[in-house]
Amino acid sequence: MDQYIIHGGTTLRGEVEISGAKNAAVAIIPAALLVKGVCRIENIPQISDTDTLLTILVELGARVSYINKNTIEIDCSNARCQDAPFELMRKIRASYYLIGSMLGRFGSAKTTMPGGCNFGVRPIDQHIKGMRALGADVNVEGGFVYADALDGRLHGSRIYLDKVSVGATMNIMIAAVLAEGRTVIENAAREPHIVDLANFLNSMGADVRGAGTDSIRINGVDELHGGSYSIIPDQIEAGTYMVAAAATGGEVLITNIIPKHLEGISAKLRETGTFIEEYEEAILVRGAEKLRRINLKTMPYPGFPTDMQPQFGVLLCQANGTSVITEGIYDNRFKYVNELRKMGAEIQVDGRVCVIDGGRRLSGAPVHACDLRAGAAMVIAGMIADGTTVIDDVHYIERGYERFVEKLNALGADITVRYDDDDPERIGLYSVS
Ligand code: EPZ
(Lines give C-alpha, C1' and ligand atoms only; values in the text may rest on other atoms or scores of the structure.)
Protein backbone atom coordinates (compact mmCIF):
# COMPACT_ATOMS: atom_id res chain seq x y z
CA MET A 1 0.00 0.00 0.00
CA ASP A 2 1.09 3.56 -0.60
CA GLN A 3 2.96 5.24 2.28
CA TYR A 4 4.11 8.69 3.37
CA ILE A 5 7.54 8.92 5.03
CA ILE A 6 7.69 12.09 7.13
CA HIS A 7 10.80 13.57 8.77
CA GLY A 8 9.62 15.61 11.77
CA GLY A 9 10.70 18.88 13.35
CA THR A 10 9.00 20.91 10.60
CA THR A 11 8.04 24.57 10.79
CA LEU A 12 5.68 25.46 7.93
CA ARG A 13 6.22 28.84 6.28
CA GLY A 14 4.91 30.40 3.08
CA GLU A 15 1.67 30.51 1.11
CA VAL A 16 -0.78 27.79 0.09
CA GLU A 17 -3.75 28.00 -2.30
CA ILE A 18 -6.90 26.08 -1.36
CA SER A 19 -8.63 23.84 -3.92
CA GLY A 20 -12.33 23.37 -4.62
CA ALA A 21 -14.53 21.90 -1.88
CA LYS A 22 -14.60 18.09 -1.93
CA ASN A 23 -18.01 17.84 -0.23
CA ALA A 24 -19.52 20.25 -2.74
CA ALA A 25 -17.91 18.53 -5.74
CA VAL A 26 -19.08 15.03 -4.72
CA ALA A 27 -22.68 16.26 -4.74
CA ILE A 28 -22.45 18.52 -7.81
CA ILE A 29 -20.96 15.83 -10.07
CA PRO A 30 -23.84 13.33 -9.49
CA ALA A 31 -26.30 16.25 -9.76
CA ALA A 32 -25.03 16.93 -13.31
CA LEU A 33 -26.90 13.75 -14.27
CA LEU A 34 -30.11 15.81 -13.99
CA VAL A 35 -28.99 18.17 -16.75
CA LYS A 36 -29.69 17.57 -20.46
CA GLY A 37 -26.85 19.70 -21.71
CA VAL A 38 -23.22 20.57 -21.01
CA CYS A 39 -22.26 21.50 -17.43
CA ARG A 40 -18.93 23.31 -17.33
CA ILE A 41 -17.65 23.00 -13.76
CA GLU A 42 -14.58 24.92 -12.57
CA ASN A 43 -12.45 24.57 -9.43
CA ILE A 44 -13.09 20.83 -9.18
CA PRO A 45 -10.51 19.33 -6.78
CA GLN A 46 -8.42 16.63 -8.45
CA ILE A 47 -8.96 13.88 -5.86
CA SER A 48 -9.90 10.22 -6.08
CA ASP A 49 -13.51 10.76 -4.90
CA THR A 50 -14.26 13.07 -7.82
CA ASP A 51 -12.51 10.66 -10.18
CA THR A 52 -14.65 7.80 -8.93
CA LEU A 53 -17.88 9.74 -9.47
CA LEU A 54 -16.85 10.91 -12.96
CA THR A 55 -16.05 7.30 -13.87
CA ILE A 56 -19.52 6.24 -12.73
CA LEU A 57 -21.19 8.98 -14.80
CA VAL A 58 -19.26 7.91 -17.90
CA GLU A 59 -20.49 4.34 -17.35
CA LEU A 60 -24.03 5.78 -17.33
CA GLY A 61 -23.40 7.30 -20.77
CA ALA A 62 -22.18 10.78 -19.83
CA ARG A 63 -19.45 12.48 -21.86
CA VAL A 64 -16.75 13.95 -19.59
CA SER A 65 -13.97 16.20 -20.91
CA TYR A 66 -11.11 17.72 -18.94
CA ILE A 67 -10.62 21.34 -20.06
CA ASN A 68 -7.75 21.54 -17.57
CA LYS A 69 -6.91 19.67 -14.36
CA ASN A 70 -9.60 21.51 -12.38
CA THR A 71 -12.18 22.30 -15.08
CA ILE A 72 -14.40 19.67 -16.67
CA GLU A 73 -17.37 19.56 -18.99
CA ILE A 74 -20.01 16.92 -18.27
CA ASP A 75 -22.72 16.22 -20.86
CA CYS A 76 -25.40 13.84 -19.58
CA SER A 77 -27.79 14.44 -22.50
CA ASN A 78 -27.42 10.82 -23.58
CA ALA A 79 -27.08 9.26 -20.14
CA ARG A 80 -29.11 6.09 -19.69
CA CYS A 81 -30.71 4.41 -16.69
CA GLN A 82 -28.56 1.34 -16.34
CA ASP A 83 -26.29 -0.43 -13.89
CA ALA A 84 -23.19 1.56 -12.96
CA PRO A 85 -19.93 0.15 -11.49
CA PHE A 86 -21.13 -1.05 -8.11
CA GLU A 87 -17.58 -1.72 -6.86
CA LEU A 88 -16.85 1.99 -7.32
CA MET A 89 -20.05 3.05 -5.55
CA ARG A 90 -19.07 0.91 -2.56
CA LYS A 91 -15.80 2.84 -2.21
CA ILE A 92 -17.26 6.22 -1.34
CA ARG A 93 -19.94 7.74 0.90
CA ALA A 94 -21.11 10.22 -1.76
CA SER A 95 -22.40 7.48 -4.06
CA TYR A 96 -25.71 7.93 -2.18
CA TYR A 97 -26.27 11.12 -4.26
CA LEU A 98 -26.81 8.84 -7.27
CA ILE A 99 -30.10 7.73 -5.66
CA GLY A 100 -31.43 11.29 -5.85
CA SER A 101 -29.99 12.11 -9.25
CA MET A 102 -31.00 8.84 -10.95
CA LEU A 103 -34.49 9.04 -9.42
CA GLY A 104 -34.82 12.67 -10.48
CA ARG A 105 -33.60 12.07 -14.02
CA PHE A 106 -34.83 8.56 -14.81
CA GLY A 107 -37.52 7.89 -12.18
CA SER A 108 -35.55 4.83 -11.12
CA ALA A 109 -32.27 4.07 -9.31
CA LYS A 110 -30.18 1.09 -8.29
CA THR A 111 -27.11 1.83 -6.20
CA THR A 112 -25.08 0.05 -3.55
CA MET A 113 -25.28 1.06 0.09
CA PRO A 114 -22.60 3.80 0.38
CA GLY A 115 -19.02 3.21 1.54
CA GLY A 116 -16.77 5.90 2.96
CA CYS A 117 -14.88 6.56 6.17
CA ASN A 118 -15.71 4.15 8.98
CA PHE A 119 -16.32 5.99 12.23
CA GLY A 120 -19.39 4.36 13.61
CA VAL A 121 -22.81 3.64 12.23
CA ARG A 122 -23.65 5.89 9.26
CA PRO A 123 -27.21 5.01 8.22
CA ILE A 124 -29.10 6.57 5.30
CA ASP A 125 -32.58 6.32 6.83
CA GLN A 126 -33.19 10.06 6.38
CA HIS A 127 -32.27 9.83 2.70
CA ILE A 128 -34.77 6.98 2.29
CA LYS A 129 -37.43 8.87 4.27
CA GLY A 130 -37.01 11.82 1.90
CA MET A 131 -37.20 9.74 -1.29
CA ARG A 132 -40.32 7.97 -0.06
CA ALA A 133 -41.93 11.31 0.80
CA LEU A 134 -41.25 12.40 -2.80
CA GLY A 135 -43.24 9.39 -4.04
CA ALA A 136 -40.55 6.75 -4.54
CA ASP A 137 -40.78 3.11 -3.53
CA VAL A 138 -37.42 2.43 -1.84
CA ASN A 139 -36.08 -0.94 -0.69
CA VAL A 140 -32.68 -2.05 0.57
CA GLU A 141 -31.81 -5.63 -0.29
CA GLY A 142 -28.55 -7.54 -0.57
CA GLY A 143 -26.48 -4.40 -0.06
CA PHE A 144 -28.29 -2.54 -2.82
CA VAL A 145 -30.74 0.37 -2.74
CA TYR A 146 -33.63 0.03 -5.21
CA ALA A 147 -35.79 3.12 -5.79
CA ASP A 148 -38.63 3.73 -8.23
CA ALA A 149 -40.90 6.76 -8.64
CA LEU A 150 -44.37 5.23 -8.32
CA ASP A 151 -45.90 7.58 -10.92
CA GLY A 152 -42.80 7.63 -13.13
CA ARG A 153 -41.95 11.12 -11.80
CA LEU A 154 -41.39 12.30 -8.23
CA HIS A 155 -43.80 14.79 -6.69
CA GLY A 156 -43.08 17.59 -4.19
CA SER A 157 -43.57 17.09 -0.44
CA ARG A 158 -42.80 18.64 2.94
CA ILE A 159 -40.04 16.66 4.65
CA TYR A 160 -38.88 17.10 8.25
CA LEU A 161 -35.43 15.60 8.85
CA ASP A 162 -35.32 13.76 12.19
CA LYS A 163 -31.58 14.43 12.28
CA VAL A 164 -29.58 17.32 10.77
CA SER A 165 -27.94 15.49 7.88
CA VAL A 166 -25.73 17.04 5.20
CA GLY A 167 -26.14 14.10 2.84
CA ALA A 168 -29.87 13.72 3.25
CA THR A 169 -30.43 17.47 2.79
CA MET A 170 -28.47 17.51 -0.46
CA ASN A 171 -29.81 14.19 -1.75
CA ILE A 172 -33.44 15.29 -1.29
CA MET A 173 -32.64 18.63 -2.94
CA ILE A 174 -31.17 16.79 -5.93
CA ALA A 175 -34.19 14.50 -6.22
CA ALA A 176 -36.71 17.34 -5.81
CA VAL A 177 -35.52 19.83 -8.47
CA LEU A 178 -37.24 17.87 -11.31
CA ALA A 179 -40.16 16.67 -9.17
CA GLU A 180 -43.68 17.90 -9.92
CA GLY A 181 -44.65 20.63 -7.45
CA ARG A 182 -43.07 22.14 -4.35
CA THR A 183 -40.80 20.49 -1.79
CA VAL A 184 -39.86 21.91 1.60
CA ILE A 185 -37.01 20.40 3.62
CA GLU A 186 -37.31 21.29 7.32
CA ASN A 187 -34.49 20.89 9.86
CA ALA A 188 -32.11 21.01 6.91
CA ALA A 189 -28.32 21.10 7.31
CA ARG A 190 -26.72 24.51 6.60
CA GLU A 191 -23.14 23.74 5.51
CA PRO A 192 -21.51 25.95 2.82
CA HIS A 193 -21.47 23.03 0.38
CA ILE A 194 -25.25 22.81 0.62
CA VAL A 195 -25.50 26.42 -0.56
CA ASP A 196 -22.98 25.61 -3.29
CA LEU A 197 -25.10 22.70 -4.58
CA ALA A 198 -28.21 24.90 -4.60
CA ASN A 199 -26.35 27.62 -6.52
CA PHE A 200 -25.11 25.03 -9.04
CA LEU A 201 -28.63 23.67 -9.57
CA ASN A 202 -30.11 27.17 -9.90
CA SER A 203 -27.46 28.08 -12.48
CA MET A 204 -28.78 25.12 -14.50
CA GLY A 205 -32.39 26.33 -14.28
CA ALA A 206 -33.61 24.89 -10.98
CA ASP A 207 -35.62 26.87 -8.39
CA VAL A 208 -34.07 26.26 -4.95
CA ARG A 209 -34.42 28.84 -2.16
CA GLY A 210 -33.33 29.02 1.44
CA ALA A 211 -30.20 26.86 1.18
CA GLY A 212 -27.98 27.72 4.14
CA THR A 213 -31.00 27.99 6.43
CA ASP A 214 -32.81 25.12 8.17
CA SER A 215 -35.73 25.41 5.74
CA ILE A 216 -35.15 24.87 2.03
CA ARG A 217 -37.88 25.30 -0.59
CA ILE A 218 -37.66 23.70 -4.03
CA ASN A 219 -40.13 24.39 -6.82
CA GLY A 220 -39.84 21.51 -9.30
CA VAL A 221 -39.12 22.34 -12.96
CA ASP A 222 -39.52 20.17 -16.07
CA GLU A 223 -35.95 20.28 -17.31
CA LEU A 224 -32.50 21.64 -16.47
CA HIS A 225 -30.30 23.24 -19.12
CA GLY A 226 -26.50 23.35 -19.37
CA GLY A 227 -24.40 26.14 -17.91
CA SER A 228 -21.19 27.02 -16.07
CA TYR A 229 -20.39 26.92 -12.38
CA SER A 230 -17.32 27.32 -10.14
CA ILE A 231 -17.11 25.34 -6.90
CA ILE A 232 -16.40 27.14 -3.61
CA PRO A 233 -13.05 26.69 -1.82
CA ASP A 234 -12.76 23.77 0.61
CA GLN A 235 -13.27 24.95 4.21
CA ILE A 236 -11.86 21.69 5.65
CA GLU A 237 -8.77 21.68 3.46
CA ALA A 238 -8.21 25.30 4.54
CA GLY A 239 -8.76 24.40 8.20
CA THR A 240 -6.29 21.53 7.91
CA TYR A 241 -3.53 23.88 6.72
CA MET A 242 -4.47 26.39 9.45
CA VAL A 243 -3.98 23.71 12.11
CA ALA A 244 -0.77 22.48 10.46
CA ALA A 245 0.64 26.02 10.62
CA ALA A 246 -0.41 26.40 14.26
CA ALA A 247 0.88 22.95 15.31
CA THR A 248 4.30 23.42 13.67
CA GLY A 249 4.67 26.95 15.11
CA GLY A 250 5.02 28.38 11.63
CA GLU A 251 3.48 31.23 9.65
CA VAL A 252 1.32 30.44 6.62
CA LEU A 253 -0.88 32.60 4.37
CA ILE A 254 -3.81 30.49 3.18
CA THR A 255 -5.32 31.87 -0.03
CA ASN A 256 -8.46 31.32 -2.15
CA ILE A 257 -10.75 30.89 0.85
CA ILE A 258 -14.02 32.35 2.18
CA PRO A 259 -13.16 33.47 5.76
CA LYS A 260 -16.83 33.34 6.82
CA HIS A 261 -16.79 29.56 6.26
CA LEU A 262 -13.84 29.23 8.65
CA GLU A 263 -15.26 31.22 11.59
CA GLY A 264 -15.60 28.23 13.94
CA ILE A 265 -12.09 27.01 13.15
CA SER A 266 -10.54 30.48 13.52
CA ALA A 267 -12.34 31.08 16.82
CA LYS A 268 -11.06 27.86 18.40
CA LEU A 269 -7.53 28.42 17.07
CA ARG A 270 -7.53 31.92 18.62
CA GLU A 271 -8.53 30.32 21.94
CA THR A 272 -5.31 28.28 21.81
CA GLY A 273 -3.33 31.51 21.46
CA THR A 274 -2.72 31.09 17.71
CA PHE A 275 -2.57 34.39 15.78
CA ILE A 276 -5.19 34.65 13.02
CA GLU A 277 -5.60 37.58 10.62
CA GLU A 278 -8.42 37.58 8.06
CA TYR A 279 -8.30 39.24 4.65
CA GLU A 280 -10.85 39.36 1.81
CA GLU A 281 -9.99 35.91 0.40
CA ALA A 282 -7.09 34.82 2.57
CA ILE A 283 -6.18 34.12 6.18
CA LEU A 284 -2.80 34.42 7.91
CA VAL A 285 -2.00 31.90 10.65
CA ARG A 286 1.01 32.31 12.96
CA GLY A 287 1.81 29.72 15.61
CA ALA A 288 1.79 30.65 19.31
CA GLU A 289 4.89 30.60 21.49
CA LYS A 290 2.97 28.33 23.84
CA LEU A 291 -0.34 26.71 22.87
CA ARG A 292 -3.14 26.95 25.43
CA ARG A 293 -5.45 24.01 26.23
CA ILE A 294 -9.11 24.34 25.16
CA ASN A 295 -12.41 22.44 25.17
CA LEU A 296 -14.06 21.62 21.87
CA LYS A 297 -17.42 20.20 20.76
CA THR A 298 -18.26 19.33 17.16
CA MET A 299 -21.70 20.41 15.92
CA PRO A 300 -23.56 20.91 12.64
CA TYR A 301 -22.60 24.11 10.77
CA PRO A 302 -22.17 26.90 11.85
CA GLY A 303 -20.84 24.97 14.85
CA PHE A 304 -17.31 23.57 14.92
CA PRO A 305 -17.01 21.04 12.06
CA THR A 306 -16.55 17.36 12.91
CA ASP A 307 -14.20 17.05 9.90
CA MET A 308 -11.69 19.23 11.78
CA GLN A 309 -11.81 17.18 15.00
CA PRO A 310 -8.84 14.81 14.39
CA GLN A 311 -6.59 17.69 13.30
CA PHE A 312 -7.37 19.57 16.53
CA GLY A 313 -6.73 16.36 18.47
CA VAL A 314 -3.14 16.45 17.23
CA LEU A 315 -2.79 20.20 17.85
CA LEU A 316 -3.96 19.86 21.46
CA CYS A 317 -1.30 17.21 22.14
CA GLN A 318 1.03 20.22 21.88
CA ALA A 319 -0.99 22.46 24.19
CA ASN A 320 -0.01 22.81 27.87
CA GLY A 321 -2.66 21.29 30.11
CA THR A 322 -5.68 19.06 29.68
CA SER A 323 -8.05 19.58 26.74
CA VAL A 324 -11.43 17.92 26.23
CA ILE A 325 -12.95 17.12 22.82
CA THR A 326 -16.59 16.05 22.54
CA GLU A 327 -17.64 14.51 19.22
CA GLY A 328 -21.21 15.69 18.67
CA ILE A 329 -21.86 14.06 15.27
CA TYR A 330 -20.44 10.51 15.14
CA ASP A 331 -20.33 7.54 17.53
CA ASN A 332 -16.69 6.67 17.01
CA ARG A 333 -14.45 9.27 15.44
CA PHE A 334 -11.46 8.78 17.77
CA LYS A 335 -9.77 5.80 16.05
CA TYR A 336 -6.77 8.06 15.31
CA VAL A 337 -6.10 8.28 19.07
CA ASN A 338 -4.58 4.77 19.08
CA GLU A 339 -2.20 5.90 16.35
CA LEU A 340 -1.22 9.00 18.34
CA ARG A 341 -0.56 6.85 21.41
CA LYS A 342 2.08 5.00 19.35
CA MET A 343 3.80 8.40 19.10
CA GLY A 344 3.70 8.99 22.86
CA ALA A 345 0.45 10.94 23.21
CA GLU A 346 -1.40 10.69 26.56
CA ILE A 347 -5.10 10.55 25.63
CA GLN A 348 -8.13 8.90 27.22
CA VAL A 349 -11.29 8.18 25.21
CA ASP A 350 -14.70 7.37 26.68
CA GLY A 351 -17.40 7.10 24.00
CA ARG A 352 -17.78 10.53 22.43
CA VAL A 353 -15.41 12.28 24.86
CA CYS A 354 -11.64 12.48 24.48
CA VAL A 355 -9.34 13.90 27.20
CA ILE A 356 -5.89 14.98 26.04
CA ASP A 357 -3.04 15.44 28.51
CA GLY A 358 -1.02 17.84 26.36
CA GLY A 359 2.43 19.37 26.43
CA ARG A 360 4.37 16.20 25.54
CA ARG A 361 6.70 15.87 22.53
CA LEU A 362 5.50 13.29 20.00
CA SER A 363 8.01 10.78 18.63
CA GLY A 364 7.92 9.40 15.09
CA ALA A 365 6.49 5.88 14.62
CA PRO A 366 4.87 3.61 12.02
CA VAL A 367 1.13 4.51 12.04
CA HIS A 368 -2.02 4.10 9.94
CA ALA A 369 -4.39 6.57 8.32
CA CYS A 370 -7.69 5.29 9.74
CA ASP A 371 -9.82 7.52 7.50
CA LEU A 372 -9.56 10.71 5.46
CA ARG A 373 -9.33 13.37 8.19
CA ALA A 374 -7.55 11.06 10.66
CA GLY A 375 -4.95 10.51 7.94
CA ALA A 376 -4.45 14.25 7.48
CA ALA A 377 -4.12 14.57 11.27
CA MET A 378 -1.38 11.90 11.33
CA VAL A 379 0.55 13.85 8.69
CA ILE A 380 0.44 16.89 11.00
CA ALA A 381 1.59 14.65 13.87
CA GLY A 382 4.48 13.36 11.75
CA MET A 383 5.57 16.91 10.91
CA ILE A 384 5.72 17.98 14.58
CA ALA A 385 7.19 14.74 15.98
CA ASP A 386 10.86 14.03 16.67
CA GLY A 387 12.21 11.50 14.20
CA THR A 388 10.56 9.73 11.29
CA THR A 389 6.92 8.70 10.89
CA VAL A 390 5.68 6.24 8.26
CA ILE A 391 1.95 6.41 7.48
CA ASP A 392 0.20 3.48 5.79
CA ASP A 393 -3.16 3.51 3.96
CA VAL A 394 -2.62 7.01 2.61
CA HIS A 395 -5.17 6.35 -0.14
CA TYR A 396 -7.70 7.64 2.39
CA ILE A 397 -5.94 11.01 2.44
CA GLU A 398 -5.79 11.19 -1.35
CA ARG A 399 -9.58 10.84 -1.47
CA GLY A 400 -10.01 14.36 -0.14
CA TYR A 401 -6.83 16.45 -0.40
CA GLU A 402 -5.54 17.63 -3.75
CA ARG A 403 -1.71 17.53 -4.03
CA PHE A 404 -1.42 17.33 -0.22
CA VAL A 405 2.25 16.27 -0.08
CA GLU A 406 3.25 18.73 -2.83
CA LYS A 407 1.55 21.65 -1.05
CA LEU A 408 3.04 20.72 2.36
CA ASN A 409 6.57 20.22 0.99
CA ALA A 410 6.32 23.64 -0.68
CA LEU A 411 5.72 25.03 2.83
CA GLY A 412 8.84 23.33 4.20
CA ALA A 413 7.66 19.84 5.13
CA ASP A 414 9.86 16.81 4.43
CA ILE A 415 7.50 14.13 3.14
CA THR A 416 8.35 11.36 0.69
CA VAL A 417 5.70 9.21 -0.98
CA ARG A 418 6.43 5.51 -1.41
CA TYR A 419 4.04 4.19 -4.06
CA ASP A 420 2.98 0.56 -4.13
CA ASP A 421 1.74 -0.04 -7.66
CA ASP A 422 0.02 -3.20 -6.46
CA ASP A 423 -2.15 -1.15 -4.09
CA PRO A 424 -5.73 -2.13 -5.04
CA GLU A 425 -7.00 1.15 -3.56
CA ARG A 426 -5.15 3.23 -6.09
CA ILE A 427 -7.15 4.42 -9.07
CA GLY A 428 -5.50 6.76 -11.53
CA LEU A 429 -7.14 9.96 -12.68
CA TYR A 430 -9.92 9.22 -15.13
CA SER A 431 -8.55 10.64 -18.37
CA VAL A 432 -11.39 11.08 -20.79
CA SER A 433 -11.29 12.82 -24.14
C1 EPZ B 1 -21.11 14.44 5.17
O2 EPZ B 1 -21.33 13.09 5.54
C3 EPZ B 1 -19.66 14.54 4.80
N4 EPZ B 1 -19.40 13.65 3.68
C5 EPZ B 1 -18.77 14.16 5.98
O6 EPZ B 1 -17.44 14.47 5.60
C7 EPZ B 1 -19.12 15.03 7.19
O8 EPZ B 1 -18.42 14.54 8.31
C9 EPZ B 1 -20.62 14.98 7.46
O10 EPZ B 1 -21.36 15.33 6.28
C11 EPZ B 1 -21.03 15.94 8.58
O12 EPZ B 1 -20.66 17.25 8.22
C13 EPZ B 1 -19.76 14.05 2.45
O14 EPZ B 1 -20.31 15.12 2.27
C15 EPZ B 1 -19.46 13.09 1.33
P16 EPZ B 1 -24.53 13.50 7.82
P17 EPZ B 1 -22.83 12.53 5.75
O18 EPZ B 1 -25.61 12.88 7.05
O19 EPZ B 1 -23.73 13.17 4.77
C20 EPZ B 1 -26.43 10.57 11.01
C21 EPZ B 1 -15.18 14.13 5.22
O22 EPZ B 1 -14.24 13.94 6.00
N23 EPZ B 1 -27.33 10.20 9.92
O24 EPZ B 1 -24.54 14.98 8.03
O25 EPZ B 1 -22.77 11.07 5.81
C26 EPZ B 1 -24.99 10.18 10.75
O27 EPZ B 1 -24.74 8.85 11.15
C28 EPZ B 1 -16.48 13.41 5.45
O29 EPZ B 1 -15.16 14.92 4.24
C30 EPZ B 1 -28.42 9.39 10.20
O31 EPZ B 1 -28.62 8.96 11.33
O32 EPZ B 1 -23.13 13.11 7.21
C33 EPZ B 1 -24.22 11.18 11.58
O34 EPZ B 1 -24.18 10.74 12.92
C35 EPZ B 1 -16.42 12.48 6.63
N36 EPZ B 1 -29.26 9.04 9.18
C37 EPZ B 1 -25.10 12.45 11.51
O38 EPZ B 1 -26.40 12.00 11.11
C39 EPZ B 1 -29.06 9.50 7.89
O40 EPZ B 1 -29.88 9.17 7.01
C41 EPZ B 1 -24.62 13.46 10.46
O42 EPZ B 1 -24.43 12.75 9.24
C43 EPZ B 1 -27.96 10.32 7.64
C44 EPZ B 1 -27.11 10.67 8.66
* To do: Run the numbers on Leu284 and Ile276 for side-chain contact (heavy atoms from CB on, under 4.5 Å), then give the verdict.
  => CA-CA 6 Å; Leu284 178 70; Ile276 302 274; over 6 Å; no

* To do: Could you give me the CA-CA distance, side-chain angles and deciding distance for Ile232 and Ile258, then say whether side-chain contact (heavy atoms from CB on, under 4.5 Å) is met?
  => CA-CA 8 Å; Ile232 56 169; Ile258 300 171; 4.1 Å; yes

* To do: Kindly indicate, with the supporting measurements, whether the criterion side-chain contact (heavy atoms from CB on, under 4.5 Å) is fulfilled by Leu197 and Leu201.
  => CA-CA 6 Å; Leu197 173 65; Leu201 291 168; 4.0 Å; yes

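- In this structure, CG in Leu411 is found 11.0 Å from CD in Glu406, a value given to the nearest 0.5 Å.
- Partners of Arg418 according to the side-chain contact (heavy atoms from CB on, under 4.5 Å) rule, which considers only residues two or more places apart in sequence or in another chain, are Gln3, Ile5.
- Between the side chain of Asp137 and the backbone N or O of Leu150, no donor-acceptor pair lies under 3.5 Å.
- Applying the ring pair (Phe, Tyr, Trp, His ring centres under 6.0 Å) test to every pair with at least one member in residues 24-46, sequence neighbours left out, gives no pairs at all.
- The CD1 atom of Ile218 sits 10.5 Å away from the CD1 atom of Ile174 when rounded to the nearest 0.5 Å.
- Sorted by first and then second residue, the ring pair (Phe, Tyr, Trp, His ring centres under 6.0 Å) pairs with a member in residues 131-163 read Phe86-Phe144; sequence neighbours excluded.
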* To do: Apply side-chain hydrogen bond (donor to acceptor under 3.5 Å, both in side chains) to Tyr401 and Arg373, showing your working.
  => CA-CA 9 Å; Tyr401 289 91; Arg373 306 304 175 184; 3.0 Å; yes

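- No salt bridge links Arg90 with Glu87; every basic N to acidic carboxylate O contact stays at or beyond 4.0 Å.
- By the ring-ring contact (aromatic ring centres under 6.0 Å, His included) test, Tyr4 is found to be paired with no residue, residues two or more places apart in sequence or in another chain being considered.
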* Could you walk me through whether Ser215 and Thr213 pass side-chain hydrogen bond (donor to acceptor under 3.5 Å, both in side chains), step by step? => CA-CA 5 Å; Ser215 176; Thr213 74; 5.3 Å; no

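- In the model, Arg93 has no side-chain atom that pairs as donor or acceptor with a side-chain atom of Ser95 under 3.5 Å.
- Ion pairing between a basic and an acidic side chain is recognised when a charged N comes within 4.0 Å of a carboxylate O; Asp222 and Arg153 show such pairing.
- Between Glu280 atom CD and Ile257 atom CD1 the span is 10.0 Å, to the nearest 0.5 Å.
- Scored by the salt bridge (Lys or Arg N to Asp or Glu O under 4.0 Å) test, Arg132 finds no partners at all (sequence neighbours excluded).
- Residue-environment remark: CG (Asn139) exceeds the threshold of 12 foreign heavy atoms within 6.0 Å.
- Put simply, the side chain of Thr248 gets close to the backbone of Leu12: a donor and an acceptor are under 3.5 Å apart.
- Scanning for side-chain contact (heavy atoms from CB on, under 4.5 Å) contacts around Ala179 gives Leu154, with sequence neighbours left out.
- In this structure, the side chain of Asn70 does not engage the main chain of Asn43 through any donor-acceptor pair within 3.5 Å.
- The side chain to side chain donor-acceptor pair (under 3.5 Å) search around Asn202 returns none, not counting sequence neighbours.
- The main-chain N or O of Pro45 is found under 3.5 Å from a side-chain atom of Thr50 such that the two form a donor-acceptor pair.
- Considering only residues two or more places apart in sequence or on other chains, Glu42 meets the side-chain contact (heavy atoms from CB on, under 4.5 Å) condition with Arg40, Thr71, Ser230.
- Arg80 CZ: more than 12 foreign heavy atoms inside a 6.0 Å radius.
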* **Chi angles and distances behind the side-chain hydrogen bond (donor to acceptor under 3.5 Å, both in side chains) call for His368, Asp393** => CA-CA 6 Å; His368 293 281; Asp393 303 320; 3.1 Å; yes

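- Atom CD1 of Ile74 and atom CG of Leu57 lie 5.5 Å apart (nearest 0.5 Å).
- Partners of Cys39 under the side-chain contact (heavy atoms from CB on, under 4.5 Å) rule, at least two apart in sequence or in another chain, are Ala32, Val35, Ile41, Phe200, Met204.
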For residues 15-25, tabulate all N or O donor-acceptor pairs below 3.5 Å that involve a side-chain atom, not counting sequence neighbours.
from, atom 1, to, atom 2, distance (Å)
Ser19, OG, Glu402, OE1, 2.6
Ser19, OG, Lys407, NZ, 2.9

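- Within the 3.5 Å criterion, the main-chain N or O of Val324 finds a donor-acceptor partner in the side chain of Asn295.
- Scored by the side chain to side chain donor-acceptor pair (under 3.5 Å) test, Thr416 finds no partners at all (sequence neighbours excluded).
- Summarising the local packing, NZ of Lys297 is surrounded by 12 or fewer heavy atoms from other residues, nucleotides or ligands at distances under 6.0 Å.
- Panel note: side chain Gln309, backbone Arg333; a donor-acceptor pair is recorded below 3.5 Å.
- Heavy atoms only, all atoms of each residue included: Leu408 and Ile415 are closest at CD1-CD1, 3.9 Å.
- A donor-acceptor contact closer than 3.5 angstrom links the side chains of His127 and Asn171.
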* Please test Leu262 against Met242 for side-chain contact (heavy atoms from CB on, under 4.5 Å), starting from the C-alpha separation and ending with a verdict. => CA-CA 10 Å; Leu262 301 169; Met242 291 168 72; 4.1 Å; yes

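- Under the ring-ring contact (aromatic ring centres under 6.0 Å, His included) criterion, Phe334 pairs with no residue, sequence neighbours left out.
- Salt-bridge check for Asp371 with Lys335: failed, with every basic side-chain N at 4.0 Å or more from each acidic carboxylate O.
- Heavy atoms from other residues, nucleotides or ligands lying under 6.0 Å from NZ of Lys36 number 12 at most.
- With hydrogens and angles ignored, the 3.5 Å screen pairs a side-chain donor or acceptor of Gln82 with a backbone N or O of Glu59.
- Distance check, rounded to the nearest 0.5 Å: CG of Leu98 to NZ of Lys110 gives 14.0 Å.
- A cation-pi contact, defined as under 6.0 Å to the ring centre and within 45° of the axis, is absent between Arg190 and Tyr301.
- Looking at Thr274, its side chain never comes within 3.5 Å of a backbone N or O of Ala246 through a donor-acceptor pair.
- Atom CZ of Arg209 has 12 or fewer heavy atoms from other residues, nucleotides or ligands within 6.0 Å.
- Between the side chains of Glu327 and Thr298, at least one donor N or O lies within less than 3.5 Å of an accepting N or O.
- A distance of 10.0 Å separates CG of Leu60 from CZ of Arg105, quoted to the nearest 0.5 Å.
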* Asked: What's the verdict on side-chain hydrogen bond (donor to acceptor under 3.5 Å, both in side chains) for Tyr336 and Gln311, showing C-alpha distance, side-chain angles and the deciding distance?
  -> CA-CA 10 Å; Tyr336 68 93; Gln311 300 91 316; over 6 Å; no

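- The closest side-chain donor-acceptor pair between Tyr229 and Asp196 falls under 3.5 angstrom.
- Of the possible polar contacts, one joining the Ser77 side chain to the Gly37 backbone as a donor-acceptor pair under 3.5 Å is found.
- Judged purely by distance below 3.5 Å, without hydrogens or angles, the side chains of Glu281 and Thr255 never pair a donor atom with an acceptor atom.
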